[in-house]
Amino acid sequence: MGLKIVQSILLPECRLSEAKNDETKMKKLLTLICLLPIAHIFGQSKPMAQWNFDSVEKNEVIKPLERRLIPSPEIDRSFFVTEENSAAKSKILGSFHKSVAGVVGNSLQLDGNTSYIETEFKTPLSGDFSVGAWLALGAYPTHWCPVADQNINAKKGFFLGVDAYGHAGVKAYIGGQLVEVQSVKKIPLRQWTLIQGVFSPTEGLTLFVNGKSAGNAKTSGDFESAPSEKLLIGKSTIKQKPEGTVRQNGTQPVYMFLDGLIDELKIYDNSLTTNEITDYYNKTKPQTAPLLATRFLPLSGAKSGKFGAIYTTLKFYEAWDKPWPVSNQADVVINFDDNAHKFIFWRGTSYIPHWITENGIWYNNEFLETWDVNGCHEPMSDKRCQYSNVRILESNDARAVVHWRYALIDNLNIFARVDSLSGFGEWADEVFTIYPDGVGVRKATLHSSQPQSQHEWQEGMVVMGPGQRPEQVLEAGGLTLANMKGETHTYDWGKGLPKEKDKYGYVQLPEKANIHLINTKSQLKPFVAISPKANAIFNVYNGELRSDVSMYPWWNHWPAAQKPSDGRYAMTDDNASHSSLTNINWDAYEITEDTHTKIMLHGLTNKKAEDLRNLTNSWASPAKLNLGNNPAFSGGEYDPTERAYQIKANNQAKSLNFSLEANANSPIENVAFVVKNWGNREISLKMDGVNVVRGKAFRYGFRDTENGTDLVVYVEKKSEKLVKISILSSQ
């Protein structure tokens with residue numbers, strides 16, 4: 001308590017003179033001065049506890065076990081930081097942490113999902129106190145998260161931390177009441193910020209940010225310490241549902257973790273003066289930015305130059321990547337020749353596939369989804385891809401085919417509609433057949449004991465990376481619908497939800513619309529086309545809009561989030577996030593007793609919505625293929641699930657000749673052929689008697705099956721009249 005006594009002692013020259021005339025008083029005064037910390041006499045308080053984070057100690061305990069004479073040691077690996085005054089070790093827990101350059105020496109990076117420090121330190125504070133640390137945040141927590149917490153939930157002690165909006169705050173139990181002070185301004189991301197809380201009986205509880213007062217609360221009564229409670233650094237003491245939770249039943253309470261760097265955590269058993277705080281800030285203020293890189297979604301600026309599907313492991317940022325137990329083939333990417341766009345399946349989106357425009361805007365058509373009282377059953381709930389998986393079925397010069405399988409589960413990992421006899425819940429298989437022109441077919445099949453029950457099959461959704469808002473990637477007129485007459489209507493979110501919707505969100509303009517164009521701020525824009533025969537109906541996303549935050553609905557419980565949340569409003573652009581615009585419902589392509597299948601055309605285009613009619617007709621009302629009288633081949637039917645004509649080779653004929661009887665209602669706009677059992681024979685191509693050189697406009701590849709080898713041919717061609725085609729074997 002000597003530190004506090006010195007604050008009340010005055011030593012003016014007159015008092016010293018009087019002391020010299022009284023030998024007894026002089027001895028007592030000198031004795032007292034000798035007992036006081038010299039640093040404090042000169043205006044520098046000494047912390048009672050401090051963590052500098054300059055080094056991380058690694059400790060391994062190896063149990064030399066073996067099984068059948070083969071060594072099988074168990075390794076217990078632990079990491080520690082040291083409290084400087086007592087030399088006590090504090091354990092670092094979680095999947096990722098890292099020692100990086102800090103404000104003074106090194107700092108400690110925590111991952112925001114799992115890592116924190118559990119100290120054995122118990123703070124025997126009494127009377128006034130101070131606590132502070134330097135922070136550089138990568139993202140804001142989803143609720144109040146401590147830099148240091150003396151378990152304030154026990155209704156004693158203190159708390160210093162940051163809330164879900166980025167406000168710094170200090171809390172303490174004083175006079176039997178919880179007193180809170182928080183900053184008005186947000187702490188900026190990826191910048192060093194000093195936050196400090198100070199309590200004194202005379203001044204109350206004060207928050208300081210970067211050496212200046214950011215708020216004060218007058219108090220009455222004494223600070224109630226919690227000397228038996230351990231100090232937690234970077235993790236909340238209790239679980240809570242995230243601030244901004246939308247659907248409470250489908251969201252679980254979770255711990256909050258600090259995402260970013262922490263340095264120079266100091267606790268004082270006295271109230272620091274304003275001069276001490278200002279002086280400390282000025283002396284330690286860093287001159288360089290923290291080593292905390294700006295975060296971008298994967299594939300930012302990536303180039304390939306060759307069409308096809310590949311396995312890879314996409315990188316986000318180190319603290320997010322590290323906990324994933326994956327190798328170098330975790331994700332699937334379809335590249336295109338022009339380097340301008342991609343189609344990807346990333347574990348950070350639960351493998352929900354995305355088109356990526358030439359300037360990096362992500363878009364998806366969602367997935368199969370259903371509901372119950374506990375929220376949504378969908379792959380979005382499978383945050384760790386425990387049930388969602390992806391594999392490449394084909395990849396050649398002509399096309400790429402990818403299979404995505406997932407379970408319809410909620411955030412409790414409970415399946416939708418579990419069959420009482422088989423024990424299986426609902427699953428989905430989606431097959432994506434993608435061609436070099438950036439157009440593909442999505443074939444989605446629901447497996448269910450009740451396949452015709454209510455499900456959502458499509459939702460037009462954009463995904464944004466940290467630092468992006470919906471307005472940065474979407475025009476205010478975010479959606480244009482078109483019909484096969486060329487009539488269009490654009491729906492505008494600029495003044496709230498589009499006025500043309502009814503109370504359920506359905507829109508009617510133009511009549512019999514079947515083409516859906518998302519107006520992203522890019523040259524290539526995502527589109528969907530439904531067969532005119534499939535009776536498509538459209539609605540705009542009809543709720544959860546906060547016009548004071550964004551013109552579009554905006555959430556960040558997905559993608560890249562790890563917590564079991566069925567919906568959380570995005571507070572700001574600190575994390576990856578998404579916005580939804582539309583839903584489409586349309587007739588099934590096929591129904592069985594336990595399956596329900598729908599198909600749609602989708603891709604990226606630089607055309608206007610009304611200019612997609614020919615492409616749509618070429619798929620929904622294809623030109624008839626005429627094989628003539630050639631017994632070597634049969635079939636010729638068009639398969640809209642593959643966007644390709646299916647021909648069967650009955651023998652190893654030297655050539656395949658046929659015609660496509662195109663017209664204005666059944667045009668050709670880029671076309672593909674699958675010739676089954678062709679064999680592994682190279683080919684050449686003639687179109688209307690003219691040789692077509694293999695390259696961008698004429699591509700082919702092979703597909704091995706259990707019955708032989710199929711030929712897959714892709715041709716860039718537009719026509720509204722008959723076209724004659726010859727495929728010639730080089731053997």
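In this chain, residues are counted from 1 in sequence order.
- Relative ring orientation between W320 and W324 is described as tilted, the plane-to-plane angle lying within the 30° to 60° band.
- Shortest non-hydrogen contact noted between D321 and L314 is OD1-O, 4.4 Å.
- Put simply, the side chain of W404 never gets that close to the backbone of V431: no donor and acceptor are under 3.5 Å apart.
- Side-chain atoms of R399 and Y714 include no donor-acceptor pair closer than 3.5 Å.
- Counted by atom type alone, N657 and K686 present zero donor-acceptor pairs between their side chains at under 3.5 Å.
- The backbone N or O of N583 sits less than 3.5 Å from a side-chain atom of N539, completing a donor-acceptor pair.
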- request: List the steps, then state whether salt bridge (Lys or Arg N to Asp or Glu O under 4.0 Å) holds for R613 with E720.
  value: CA-CA 13 Å; R613 288 176 293 159; E720 294 183 1; over 6 Å; no
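- With respect to the salt-bridge test (charged N to carboxylate O, under 4.0 angstrom), the residues R699 and D437 do not qualify.
- A donor-acceptor contact closer than 3.5 angstrom is absent between the side chains of T433 and R442.
- The two atoms that bring T357 and S522 nearest to each other are CG2-OG, 3.6 Å, heavy atoms only.
- Of the possible donor and acceptor atoms, none in the side chain of K696 sits under 3.5 Å from a partner among the backbone N and O of E716.
- Side chain of S618 to backbone of P622: no donor-acceptor contact under 3.5 angstrom is found.
- Classified by interplanar angle (parallel below 30°, tilted 30° to 60°, perpendicular above 60°), the ring pair F415/W427 is tilted.
- No donor-acceptor pair closer than 3.5 Å links the side chain of D688 to the backbone N or O of I725.
- Below 30°, between 30° and 60°, or above 60°: for F307 and F336 the angle between ring planes is between 30° and 60°, a tilted geometry.
- Between P559 and V463 the shortest heavy-atom distance is CG-CG1, 3.7 Å.
- In the model, T490 has a side-chain atom that pairs as donor or acceptor with a side-chain atom of T480 under 3.5 Å.
- By the 4.5 Å heavy-atom criterion applied to side chains, N677 and T709 are not counted as neighbours.
- Under the 3.5 Å distance criterion, the side-chain polar atoms of S579 are matched with a main-chain donor or acceptor of P553.
- In this structure a side-chain-to-backbone donor-acceptor pair under 3.5 Å is present from S395 to A309.
- The closest donor-acceptor contact from the side chain of K525 to the backbone of T520 lies under 3.5 Å.
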Trace of the side chain to side chain contact (heavy atoms under 4.5 Å, CB included) decision for N365 with M600: CA-CA 10 Å; N365 286 302; M600 65 185 214; 3.3 Å; yes
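- Residues F702 and V712 fail the side-chain proximity criterion, which asks for heavy atoms closer than 4.5 Å.
- Side-chain atoms of K563 and H557, non-hydrogen and from C-beta on, never get closer than 4.5 Å to each other.
- You'll find the ring centres of H403 and F432 outside the 6.0 Å limit.
- The closest side-chain donor-acceptor pair between T705 and N707, if any, does not fall under 3.5 angstrom.
- A donor-acceptor contact closer than 3.5 angstrom is absent between the side chains of N483 and K512.
- Inspection of the Y700 and E682 side chains reveals an N or O donor paired with an N or O acceptor under 3.5 Å.
- Exactly one of Q454, E378, R417 qualifies for a side-chain hydrogen bond (donor to acceptor under 3.5 Å, both in side chains) with T370. That residue is R417.
- With ring centers used as reference points, W558 lies under 6.0 Å from H578.
- Scanning all heavy atoms of the two residues, the minimum distance from R681 to S729 falls at NH1-OG, 3.4 Å.
- Side-chain contact of H447 with D429: a donor-acceptor pair under 3.5 Å is present, judged by distance alone.
- Side-chain N/O atoms of T488 and E610 include no donor and acceptor closer than 3.5 Å.
- A donor-acceptor pair shorter than 3.5 Å can be found between the side chains of S577 and W554.
- You'll find the side chain of F296 stays beyond 4.5 Å of the side chain of Y317, heavy atoms only.
- Ring pair Y363/H516 is tilted by interplanar angle, where 30° to 60° counts as tilted.
- Separation of the Y406 and Y351 ring centroids does not fall under the 6.0 Å cut-off.
- A side-chain donor-acceptor contact under 3.5 Å links Q458 to the backbone of I584.
- Between the side chains of E426 and H455, at least one donor N or O lies within less than 3.5 Å of an accepting N or O.
- A donor-acceptor pair is defined here as one N or O able to donate and one able to accept, closer than 3.5 Å; such a pair exists between the side chain of K598 and the backbone of W586.
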